[in-house]
Amino acid sequence: MKQHIVIAGSGFAGLWAALSAARAVSLAGKTDSIDITVVSPEPALHIRPRFYEQSLENMAPDLSAVFEAVGVRHLPGWVKEIDSGGRRVQVKQRDGHSTTLNYDRFVLATGSNVFRPPLPGLAEFAFDVDSLESAHALDAHLNRLPSHAASKARNTVVVIGGGFTGLEAATELPARLRNVLGADAAVRVVLIERGAKVGPDMSDESLAKVHEALDFCGVEVLTGTGVTAIGADGVTLSDGSKIEASTVVWTAGVRAQALAASLGETTDNFGRVVADPMLHAPGTPGVFVAGDTVRAATDDVGNVAAMSCQHALSLGRVAGHNAAAELVGLPLHAYSQPKYVMCLDLGAWGAIYAEGWDRQLRFESEQGKAIKREINTVWIYPPVPDRDAIFAVANPDYVIVP
Ligand SMILES: Cc1cc2nc3c(=O)[nH]c(=O)nc-3n(C[C@H](O)[C@H](O)[C@H](O)COP(=O)(O)OP(=O)(O)OC[C@H]3O[C@@H](n4cnc5c(N)ncnc54)[C@H](O)[C@@H]3O)c2cc1C
């Protein structure tokens, strides 16, 4: 009987887990005896890192031809439940039917979602840029602003959360607002961060550039300030004051998708499963975790993978390879990714490119922006649907950033 590898998710980790598993199966000459199935809502890679951008064109490239090129089957739907004892998953298919898939190895790569705590008005009034759907909702709302009566609130956006997503969204928004309200409109963008500073864990030099960019783009920054309520007309701050705003964008935190917690494994503060170096969910035989659902050490000096594409692309390759390797008798590969880089888009000012976990500045402004463009339009997109070309880069020791 054929063996079966099931992968949940076709994001950065799920895609590369499937391609890497297909490569390992092919290397072992076992393509006739092992099936690989990816379950996700559609055979598409959603380019989440770009959802703060003004144009939402080409944000969900189709993966059908890529999967076909390497013999991976795609099942449109959602994994609803993992029965790890019975080695099967329950799938709610896109067509409404439910089905059960048995697996010999399962890779959980269902990513993460923006975290929305029970803050008054957050669910009703705040936008986010976490999914393609929510990015389109924000875009549609911004495009409707000209039909609102002119007011300070209409021209103001509050971005909550001064992490990387908040910085990228906030620095892009002045230009987005002027685009819809007119080049001379008096627009206001306020970035609110509860902590003492924006852009956590940055070198002083990189942080100085971030502030230079915020000034250049005309973004006001409020640090050490919380938001206690959100309404249709703005936000209330922890000091009791209010900011009138018709648009509020929430970027304060993400959590691993809920299936990660359902495994009953040890999880971190982000809901990620703490994995072993092979990316096994250690207490759940036959299950691997990859991308934003896993907490994994990147080196032996204490760093762990961020919830990032950079790590998901590599974690997926390792998890997919190991899932297949256990079935076909190839050596397993321990996950390791000691080099870390960060490229942060900062609107019309440009971008910064930094290296190391303390984010030492390497490139800034236009030079940084050119790198960001290359990453966001080439590096993270799916490969061309050519089997040999895919297998040439789907190995578990492929170095994402040389
Ligand atoms: C606005 C924004 C900016 C970002 N900027 C950067 C950046 O500059 N650099 C960087 O490295 N990272 C960035 N990130 C983070 C990066 O996008 C994530 O870390 C990355 O997408 C994680 O990849 P993943 O494959 O684990 O999950 P995802 O890309 O989230 O993919 C998850 C997949 O699982 C599917 N899925 C979900 N639930 C189920 C289910 N129940 N059953 C089946 N399938 C399911 C989804 O449809 C999707 O296909 C950014 C994220 C955002 C939102």
Side-chain angles (χ1 to χ4, degrees), residues 6-18 37-53 56 59-61 63 74-82 89-94 101 106-115 127-135 138 159 161 163-170 172 249-251 253-260 262 270 272-273 289-294 296 305-317 319-320 337 340-346 351-354 371-372 375-376 379-380 382 400-401:
V6 175
I7 297 163
S10 62
F12 300 95
L15 167 64
W16 285 99
T37 303
V38 172
V39 181
S40 71
E42 53 174 356
L45 175 68
H46 284 210
I47 310 292
R48 286 177 73 197
R50 298 187 62 186
F51 290 169
Y52 64 91
E53 288 185 19
L56 296 173
M59 293 291 175
L63 296 174
H74 180 266
L75 178 65
W78 294 262
V79 171
K80 289 292 178 189
E81 203 180 319
I82 305 163
V89 291
Q90 294 298 332
V91 177
K92 173 88 188 291
Q93 291 179 202
R94 241 197 126 97
L101 295 182
F106 176 68
V107 180
L108 182 68
T110 47
S112 60
N113 306 110
V114 67
F115 174 61
F127 294 90
D128 66 65
V129 288
D130 192 59
S131 67
L132 193 49
E133 195 186 9
S134 57
L138 172 63
V159 177
F164 299 131
T165 302
L167 286 166
E168 290 191 323
E172 184 86 344
V249 183
W250 176 262
T251 70
V254 288
R255 293 288 182 277
Q257 196 268 342
L259 283 171
S262 78
F270 301 102
R272 301 184 296 177
V273 172
V289 270
D292 282 0
T293 62
V294 65
M307 292 168 98
S308 76
C309 277
Q310 181 181 171
H311 292 108
L313 290 165
S314 186
L315 289 160
R317 282 170 165 91
Q337 199 171 2
Y340 172 76
V341 300
M342 179 205 67
C343 197
L344 185 65
D345 203 355
L346 293 166
I352 57 170
Y353 178 86
I371 299 171
K372 186 69 176 179
I375 292 171
N376 270 3
W379 287 16
I380 61 176
I400 305 290
V401 185

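Since we're looking at a predicted model, the values are computed, not measured. Quick note: numbers below take in every heavy atom, side chains included, and nothing from hydrogens, waters or symmetry partners. We count ligands from 1, going down the list as the structure has it; atoms in each ligand are counted the same way.
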Inset, instruction - Using a 4.0 Å heavy-atom threshold (strictly under), name the region of Thr165 that reaches ligand 1: side chain, backbone, both or neither. - result: side chain
Inset, instruction - Before signing off on this row, confirm whether Ser308 and ligand 1 have an N or O atom pair separated by under 3.5 Å. - result: yes
Inset, instruction - Would you kindly specify which portion of Ala312 sits under 4.0 Å from ligand 1, judged on non-hydrogen atoms: side chain, backbone, both or neither? - result: side chain
Legend entry - Shortest protein heavy-atom distance from atom 18 (C) of ligand 1, along with the residue and atom involved: Asp292 OD2, 3.4 Å
Legend entry - Per atom 3 (C) of ligand 1, closest listed option by heavy atom (Pro49, Gly9, Ala44): Pro49
Legend entry - Residue portion contacting ligand 1 (non-hydrogen atoms closer than 4.0 Å) for Cys309: both
Inset, instruction - Say whether Gly291, considering both its backbone and side-chain N or O atoms, lies within less than 3.5 Å of an N or O atom on ligand 1. - result: no
Inset, instruction - May I ask you to identify the nearest protein heavy atom to atom 45 (C) of ligand 1, giving residue, atom name and distance to one decimal place in Å? - result: Thr110 CG2, 3.6 Å
Legend entry - Protein heavy atom at shortest distance from atom 8 (O) of ligand 1: Lys372 NZ, 3.0 Å
Inset, instruction - Provide, to 0.1 Å, the distance between atom 47 (O) of ligand 1 and the closest protein heavy atom, together with that atom's residue and name. - result: Pro41 CD, 3.3 Å
Legend entry - Phe51, portion touching ligand 1 at heavy-atom distance under 4.0 Å: neither
Legend entry - Numbered atoms of ligand 1 (with element) below 4.0 Å of Val129, judged on heavy atoms: 1 (C), 53 (C)
Legend entry - Plane angle bin for Phe51 and His46 - parallel if under 30°, tilted between 30 and 60°, otherwise perpendicular: perpendicular
Inset, instruction - Using a 4.0 Å heavy-atom cut-off, say whether Ala109 meets ligand 1 through its side chain, its backbone, both or neither. - result: backbone
Legend entry - Side-chain heavy atoms of Ile82 within contact of Leu108, under 4.5 Å: yes
Legend entry - Arg48/Asp130 ion pair, N-O < 4.0 Å: yes
Inset, instruction - From the options Lys80, Gln257, Arg48, select the one whose nearest heavy atom is closest to atom 52 (C) of ligand 1. - result: Arg48
Legend entry - Within reach of ligand 1, part of Leu259 (heavy-atom separation under 4.0 Å): side chain
